[in-house]
Amino acid sequence: MKTLKNLTILYVEDEEPIIDKYAYFLEDCSKALYVARDGIEALALYHEHKPHLIVMDLLIPKLNGIGLAKEIRKIDEDVFIIALTAHSDREILLEIVELNFSSYLIKPVGRSDLM
């Protein structure tokens, strides 16, 4: 957990109970946490803050996680992106690999798995 203390994190999730579950934890173990509830808001926060790590649900409104990752990868090939998804669909997993996600976790995700 100490390794995250120097990192800024963008957390993208549209479900309030899940945000409540993870935001405090992520904020506590990072330098700064920015929370977006849809892909458009996430892209704006990304441009504003240039976080070191993005933790995102793939099924978010306005611009889904794959679309968001595509937009971010156009300008930054190196930022770490972790996908959180309830799906293990082969096509989605192939897109995650193609977009060079750092990791993906199948929901529900325990805090120890997130670390």
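- Minimum interatomic distance between Ala23 and Leu33 (heavy atoms only, all atoms of both residues): O-CD2, 3.2 Å.
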Exercise for the section: For side chain to side chain contact (heavy atoms under 4.5 Å, CB included), just list the numbers for Val12 and Tyr46, CA-CA rounded to whole Å, side-chain angles, deciding distance to a tenth of an Å, and then say yes or no. Expected result: CA-CA 11 Å; Val12 189; Tyr46 173 80; over 6 Å; no

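- Here the side chain of Ser102 pairs no donor or acceptor atom with the backbone of Ile82 at under 3.5 angstrom.
- With hydrogens and angles disregarded, a donor-acceptor distance shorter than 3.5 Å links the side chain of Glu13 to the backbone of Glu15.
- Around NZ of Lys31, the count of heavy atoms belonging to other residues, nucleotides or ligands within 6.0 Å does not exceed 12.
- A salt bridge is absent between Lys62 and Glu41; no separation between the charged side-chain nitrogens and carboxylate oxygens falls under 4.0 Å.
- For the pair Leu45/Glu48, a side-chain contact is recorded, criterion being any heavy-atom separation below 4.5 Å from C-beta on.
- Judged by distance alone, the side chain of Asp57 and the main-chain N or O of Ile60 form no donor-acceptor pair under 3.5 Å.
- Residue-environment remark: CD (Glu16) exceeds the threshold of 12 foreign heavy atoms within 6.0 Å.
- A 4.5 Å side-chain heavy-atom check between Asp14 and Asp38 finds every atom pair outside the cut-off.
- A donor-acceptor pair is defined here as one N or O able to donate and one able to accept, closer than 3.5 Å; no such pair exists between the side chain of Arg37 and the backbone of Ile19.
- The two residues Gly39 and Leu68 make their nearest non-hydrogen contact at O-CD1, 3.7 Å.
- Between the CD1 atom of Ile54 and the CD1 atom of Ile72 there is a distance of 3.5 Å, given to the nearest 0.5 Å.
- Atoms CD and NZ, from Glu71 and Lys74 in turn, are 3.5 Å apart once rounded to the nearest 0.5 Å.
- The CD1 atom of Ile75 sits 4.0 Å away from the NE2 atom of His47 when rounded to the nearest 0.5 Å.
- Linking ILVMFWY side-chain heavy atoms closer than 4.5 Å, directly or via other members, places Leu59 and Leu63 in two distinct hydrophobic clusters.
- A donor-acceptor pair under 3.5 Å links the side-chain atoms of Lys5 to the main chain of Asp28, judged by distance alone.
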Practice task
Report the C-alpha distance between Arg73 and Asn100 in whole Å, list the side-chain angles of each, state the deciding distance to 0.1 Å, and finish with yes or no for side chain to side chain contact (heavy atoms under 4.5 Å, CB included).
Solution key: CA-CA 9 Å; Arg73 286 294 185 230; Asn100 195 28; 4.2 Å; yes

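- For the atom pair CE of Met56 and CG of Leu10, the computed distance is 7.5 Å after rounding to the nearest 0.5 Å.
- Annotation for Thr8 and Pro51: closest pair OG1-CA, 3.1 Å, computed over non-hydrogen atoms.
- Expressed to the nearest 0.5 Å, how far CG of Leu53 lies from CD1 of Ile9 amounts to 5.0 Å.
- The CD1 atom of Ile66 sits 5.0 Å away from the CD1 atom of Ile96 when rounded to the nearest 0.5 Å.
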